[in-house]
Amino acid sequence: MSINVIDATNFIKDAFYAMPVFSDENGNNISGVYGALYKLKSMLSENEEALFAFSFERDNESEYTPAVVDQTEKFAEILKGAEIPGLLDVSNGESASPELIAYLEGELLKLSPTGKVSVVPKFELNISVTSDLGEVEEIFKKAHEYGTGAIDNYIGYFLMREREADKSLGKKDTFGIALCYGEKNVIYIPLENFITESYIGNKLSELSKDCSLATFDIKDGYDLFMPFEISERTTGYDKEDTGYLTSPKCFDTLIGAYLCNPIKNDYSVEDISKEYLKIPFEKRNDIFGKSGIKEADAGKIADYACKAAYICKACAPLIREKLSKTGMENLFYNIEMPLSYILFAMEKEGIIAKKDELKAYSDKLAVRISELEKVIYEAAGCEFNINSPKQLGEVLFEKLGLPAEKKTKSGYSTAADVLEKLAPDNKIVADILEYRGLAKLKSTYADGLAAYIAGDGRIHTSFNQTITATGRISSTEPNLQNIPMRTEEGRLIRKVFVPKEGYVFADADYSQIELRILAHMSEDKGLIDAYHEGKDIHRITASKVFHVPFEDVTPLQRRNAKAVNFGIVYGISSFGLSQDLSISRSEAKEYMDKYFETYPGVKEYQDKVIASAKADGVSDTLFGRKRPIPELKASNYNLRQFGERVAMNAPIQGTAADIMKIAMINVFFRIKRENLKSRLILQIHDELVIETAPDEKDTVTEILTKEMENAADLSVPMEVDCHIGNDWYESK
DNA sequence: TTCGTCACG
DNA sequence: ACGTACGTGACGAAT
C-alpha cells in the first residue's frame with residue numbers, strides 16, 4: 001500500500017489549467033476546485049488501496065495566481081468538511097470509504113447544482129501579430145472597408161499602454177494596438193520601427209471619419225489621436241442634434257457600462273467581458289503582475305490586447321442597445337462622450353502650483369505643530385501618537401477621564417464634533433483640535449500637493465468620469481476638488497494656485513443649483529416663485545416657515561432655514577437635521593413639518609420619487625441618467641431608509657451634474673470656436689475655473705456666465721457668479 | 001486592507 | 001429598538 005502525498009496547490013493549479021473553463025451559477029471560474037475534486041474522486045474509485053495526504057503548505061505564494069490560491073482554500077474547506085475519520089488514511093487497510101466518495105460527489109453537485117458543469121464560452125479568436133508596414137497598411141485598409149457603411153460594424157481597438165513608473169507623472173508607454181473587425185480575426189500590432197504612436201494616431205483619426213470605433217477608456221488614448229467627431233464639433237451640446245443616431249461615433253465601452261450601471265466598483269475590461277459576453281477573462285494584473293508589461297512575454301501581451309479589442313467590438317452593440325432601451329443614448333453620445341475629451345484636455349492643461357510657497361507653508365505649519373505637540377504631551381503627562389485615534393482615545397477618556405461618547409466599532413470616537421463639546425473646558429482638547437487641523441493641512445495639502453507638481457510646474461489631476469453613483473465627476477492624484485475653503489487658514493492654500501504669466505483666473509460657480517433643481521423638479525409654486533423674486537432664498541424660506549416679515553428674519557432663523565434647505569436636498573431625516581443644528585429631534589421634526597407646510601409640492605415630489613424608485617428600482621435625472629437603488633428592497637430597515645434618502649437626493653445631485661457637464665461642453669467648444677487662448681482647467685461640481693488670457697477677461701466672463709446659465713431650461717433662473725483673480729484665493 | 005478622520009460640493 | 005443626513009478622495013494608524 002502506498003501513501004501519496006500531494007501538494008494541494010499544485011494539484012489545484014494543474015486542474016485549473018487542464019480543465020476547460022467551468023463556472024458556477026454566478027459565473028465564477030471554478031475549474032480548479034471542480035477539476036481537483038473530480039480527479040480525487042476518480043483516483044479513490046479506481047485505486048481503492050491508495051492513501052492520499054494533502055499538503056497545503058506553499059513555499060512561494062507569488063508563484064500562484066489569486067484564483068488558484070482561492071480555490072485551494074476552498075478545496076481545503078471541502079476536505080475538512082468531509083468529517084470522515086482519516087481522509088489521510090482512506091483505505092485504513094480497507095478500501096476507500098464509499099462515504100467519502102459519496103461526499104465528494106455531493107460537493108461536486110453543490111458546485112454545479114444542475115449536476116452538469118456549465119461550460120462557459122471561451123474566446124475563439126484568430127490572433128495574429130505584425131509590425132510590418134505593408135501588412136499594417138493592408139489591415140487598416142481592410143478595417144476601413146469593413147467599418148464603412150453599417151453603423152453596427154464596430155471596429156474594436158485596444159491600446160496596450162502603461163503609465164511609466166518613474167518618469168514625470170502622466171507619461172505613458174505604448175506597447176501596441178490590437179484591432180478587431182469582422183468576426184473572429186484580431187491583429188496585434190506592436191509599436192516598432194515604422195509603427196509609431198503618431199502613425200497609429202493618424203490611422204485611427206482616418207478611421208474615425210467613416211467608421212464606428214469601439215474602445216475601452218477612450219480618454220487614455222486622446223494624446224494619440226483626436227476623433228473626427230471631436231475635431232469637427234464646434235456647436236457644443238445641441239438639444240436638437242440627433243446626428244448621433246445615424247452618423248458613426250466613437251464608442252467607449254467603459255463609459256457605456258458605467259452609464260448602464262453606475263453603482264458598481266469594477267468596470268475593468270475583464271468585468272465587462274463577464275457581464276456582457278459571459279466570457280471570463282483573467283485580470284490584467286494577474287497576467288502582467290507587478291513587473292509590468294515591459295517585462296511580460298510578447299505572446300501574453302498580444303493575447304491580452306486582442307481579447308480586449310474583441311470585447312470592445314462585441315460589447316459595443318450590446319451596451320448601445322441597453323443605452324437605447326433605457327433612454328440614455330443622448331446622455332451617452334451628446335454629453336458623456338464629448339465630455340471625455342474635455343476632461344482629457346483639462347488634465348493635460350493642469351494648473352500651476354508654486355512649489356516654494358507650498359514648502360514655506362509646510363515649514364510654517366511644522367513649527368506650530370511641534371509647539372502643540374509639546375503642550376499636548378505635557379498636559380497629557382505622556383508622549384503618544386496624537387494622530388492615532390486609538391491612542392488619543394485612551395489618553396483622553398481613560399488617562400484623563402474625560403466623559404466619553406463611545407461611538408466607533410473599535411473604541412472611543414475622537415471625531416471633531418465630539419472633541420468640540422469638550423474643548424471649551426479642556427485646553428488639551430482645544431489644542432488637539434488645532435493640531436489635527438494643522439496636521440491635515442500639512443500632510444494632505446502642503447506636502448501632499450507638492451509631491452504632484454510635475455516637471456512643467458503644474459499639477460495634472462485625473463478627472464474620473466466613471467466613479468460616482470450620481471453622475472458627478474471625481475478628481476484624484478491629487479484631488480483638486482477638496483482644496484480647503486471653509487476656514488481662512490486652510491483657504492490660504494489656494495494662493496499657491498496661480499495662472500500662467502500675465503494670465504488671470506476666471507472662476508464661475510452656480511448659486512444653489514441643487515435647490516433650484518429641486519424647485520424645478522418638484523414644481524412647487526412657492527419655491528419657484530421664491531426664486532423668481534431673486535432675493536436671498538434662505539431668508540425667504542425662513543420668512544415663510546416662521547411667519548415673519550422678510551426684513552425681520554433673525555440670523556438664527558435664516559441659519560435654520562438654510563440647514564433645512566440643505567437637508568431637503570440630502571433626503572431629510574429629523575435625526576440628521578437635529579445633529580446638524582445641535583437641536584433635539586422633535587425640534588428638527590417641527591422645522592421639517594413647517595417646511596413641508598410652506599412648500600407642499602416638495603413633499604409630494606419626494607413621496608413621488610420614492611414611490612417611483614421603489615416601483616422600478618432606479619431613480620432618474622432630468623436628462624435620463626439612472627441610478628439603481630437596490631437598497632429599497634432590503635429587509636434591513638436602515639438600509640431601506642438609506643435607499644429612500646438616495647431616491648430623494650440622486651435625481652437632484654445627478655441633474656446638477658448633467659447640467660454642469662452640458663455647460664462644460666458649451667464653454668469648451670465656444671472657446672475652441674472663437675480661437676481663444678484661455679483654457680478650462682478645473683471643475684469642482686458647481687464651479688468652473690478658466691485660465692484666462694488678459695485680453696479675454698470679458699469674453700471669458702461672458703462665456704462662463706451665459707453658457708452656465710443657459711445649459712438647461714428650468715422653471716427657475718440659474719444664477720452664476722463669476723470672479724476674476726490673480727490666484728485661486730482671489731478668484732473664488 | 002480597513003478604519004477613523006476630515007477636506008470639498 | 002435601532003441608527004441615519006447626499007456625493008466624493010487622501011492621509012496615518014492599525015490590522
Side-chain angles (χ1 to χ4, degrees), chain A residues 262-263 384-393 407-420 432-433 435-449 451-452 461-464 467-487 489-491 493-494 509-515 518 563-581 585 588 592 619 627 629 631 636-654 656-657 660 682-688 728 732:
Chain A
I263 61 172
F384 64 101
N385 189 340
I386 309 168
N387 289 317
S388 159
K390 187 165 175 275
Q391 293 181 37
L392 180 61
K407 272 216 315 204
T408 66
K409 294 168 213 171
S410 40
Y412 308 104
S413 169
T414 66
D417 57 339
V418 176
L419 297 192
E420 270 157 21
I432 287 165
L433 282 168
Y435 173 94
R436 277 251 183 92
L438 300 181
K440 174 93 178 178
L441 285 175
K442 185 171 188 304
S443 65
T444 303
Y445 299 103
D447 299 342
L449 288 172
Y452 283 102
T461 185
S462 291
F463 286 112
N464 314 298
I467 297 287
T468 72
T470 54
R472 280 187 173 181
I473 60 176
S474 86
S475 158
T476 48
E477 293 181 287
N479 183 352
L480 292 184
Q481 292 180 320
N482 72 346
I483 303 302
M485 176 71 189
R486 292 169 188 169
T487 68
E489 55 184 352
R491 197 172 180 163
I493 282 278
R494 291 173 176 242
D509 70 298
Y510 281 113
S511 157
Q512 299 138 3
I513 188 169
E514 294 190 344
L515 209 49
L518 175 68
V564 180
N565 276 334
F566 266 93
I568 292 288
V569 168
Y570 290 156
I572 199 158
S573 75
S574 57
F575 181 86
L577 184 63
S578 72
Q579 287 291 298
D580 188 53
L581 287 176
R585 250 184 97 155
M592 283 169 55
S619 71
R627 165 164 181 175
I629 313 180
E631 293 87 350
N636 180 307
Y637 174 79
N638 289 319
L639 213 49
R640 274 202 313 281
Q641 287 298 300
F642 172 70
E644 294 196 2
R645 293 197 295 273
V646 166
M648 292 185 265
N649 172 264
I652 296 175
Q653 191 182 122
M660 177 52 105
L682 292 179
Q683 188 253 42
I684 309 97
H685 311 306
D686 65 350
E687 170 189 359
L688 293 177
W728 199 8
K732 177 63 188 164

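FYI, side chains are in, hydrogens and waters are out, and symmetry mates aren't considered; it's all heavy atoms of this structure. Within every chain, numbering begins at 1; the chains are lettered A, B, ... in the order of the sequence lines, protein sequences first and strands thereafter.
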Among [options], which nucleotide has an atom closest to any side-chain atom of [X]?
X      : options               : result
A:T476 : B:dG9, C:dA14, C:dA10 : C:dA10
A:R627 : C:dT8, C:dG7, C:dC6   : C:dG7
A:H685 : C:dG12, B:dA7, C:dG7  : C:dG7
A:T468 : C:dT15, C:dG7, B:dT5  : C:dG7
A:M485 : C:dG9, B:dC6, B:dG9   : B:dG9
A:R645 : C:dG7, B:dT5, C:dC6   : C:dC6

Between [Y] and [X], is there a side-chain heavy-atom distance shorter than 4.5 Å?
X      : Y      : result
A:I483 : A:L449 : yes
A:K732 : A:D509 : yes
A:M485 : A:R494 : yes
A:W728 : A:I493 : no
A:E687 : A:L682 : no

Output a table of nitrogen or oxygen pairs between the protein and nucleotides 1-3 of chain B separated by less than 3.5 Å.
none

Which atom of A:L441 lies closest to which atom of A:G490, heavy atoms considered: CD2-CA, 3.7 Å
In this structure, how many angstroms lie between the [atom2] atom of [N] and the [atom1] atom of [X], rounded?
X      : N      : atom1 : atom2 : result
A:I473 : C:dG7  : CD1   : P     : 18 Å
A:L480 : B:dA7  : CG    : C1'   : 12 Å
A:N464 : C:dT8  : CG    : P     : 12 Å
A:Q481 : B:dC8  : CD    : P     : 13 Å
A:F384 : C:dA14 : CZ    : C1'   : 17 Å
A:L441 : C:dG12 : CG    : C1'   : 15 Å
A:N482 : C:dC6  : CG    : P     : 19 Å
A:D417 : B:dG4  : CG    : P     : 14 Å

Provide the distance between the two [atom1] atoms, one in [N] and one in [M], to the nearest whole Å.
N     : M     : atom1 : value
B:dT5 : C:dT4 : P     : 13 Å
C:dG3 : B:dC8 : C1'   : 26 Å
B:dG4 : C:dA5 : P     : 13 Å

Using a heavy-atom cut-off of 4.0 Å across all strands, would you classify [X] as base, sugar-phosphate, or nothing?
X      : answer
A:N385 : sugar-phosphate
A:V646 : sugar-phosphate
A:I572 : base
A:A416 : sugar-phosphate
A:Q641 : nothing
A:A563 : base
A:G571 : nothing
A:A469 : sugar-phosphate
A:I652 : nothing

Can you tell me if A:E631 and A:Q641 form a side-chain donor-acceptor pair at under 3.5 Å? no
Less than 3.5 Å between a donor and an acceptor, one on the side chain of A:R436 and one on the base of B:dG4, is that the case here? no
Heavy-atom donor-acceptor pair, A:R585 side-chain to C:dT4 base, under 3.5 Å: yes
For residues 563-577 of chain A, run the donor-acceptor check on the side chains, cut-off 3.5 Å, and write out each pair with its distance to 0.1 Å, sequence neighbours left out.
residue : atom : partner : partner atom : Å
A:N565  : OD1  : A:Y595  : OH           : 3.4
A:N565  : ND2  : A:H538  : ND1          : 3.0
A:S573  : OG   : A:G576  : N            : 3.0

Under 4.0 Å between a side-chain N or O of [X] and OP1 or OP2 of [N]?
X      : N      : result
A:S413 : B:dT5  : yes
A:R486 : B:dC8  : yes
A:S475 : C:dT8  : no
A:Q391 : C:dA14 : yes

Trace of the side-chain contact (heavy atoms from CB on, under 4.5 Å) decision for A:S619 with A:I629: CA-CA 7 Å; A:S619 71; A:I629 313 180; 4.0 Å; yes
Any sub-3.5 Å donor-acceptor pair from A:S462's side-chain atoms to A:N464's backbone N or O? no
Is the backbone of A:T476 close enough, under 3.5 Å, to the side chain of A:T461 for a donor and an acceptor to pair up by distance? yes
Assuming nearest nucleotide by heavy-atom distance, tell me which of A:N649 and A:N638 is located more 5' along DNA chain C. A:N638
Answer for the Watson-Crick or wobble partner of B:dT1, both distances under 3.5 Å, is C:dA14
My understanding is that a pair needs two contacts under 3.5 Å, Watson-Crick or G-U wobble. By that rule, which nucleotide pairs with C:dC2? none
Output, in order, the C-alpha distance, side-chain angles, deciding distance and verdict of side-chain contact (heavy atoms from CB on, under 4.5 Å) for A:E489 and A:R491. CA-CA 5 Å; A:E489 55 184 352; A:R491 197 172 180 163; over 6 Å; no
Under a 4.0 Å N-O cut-off, is there an ion pair linking A:E420 with A:R436? no
Using a heavy-atom distance cut-off of less than 4.0 Å, which residues of residues 573-580 of chain A contact DNA chain B? none
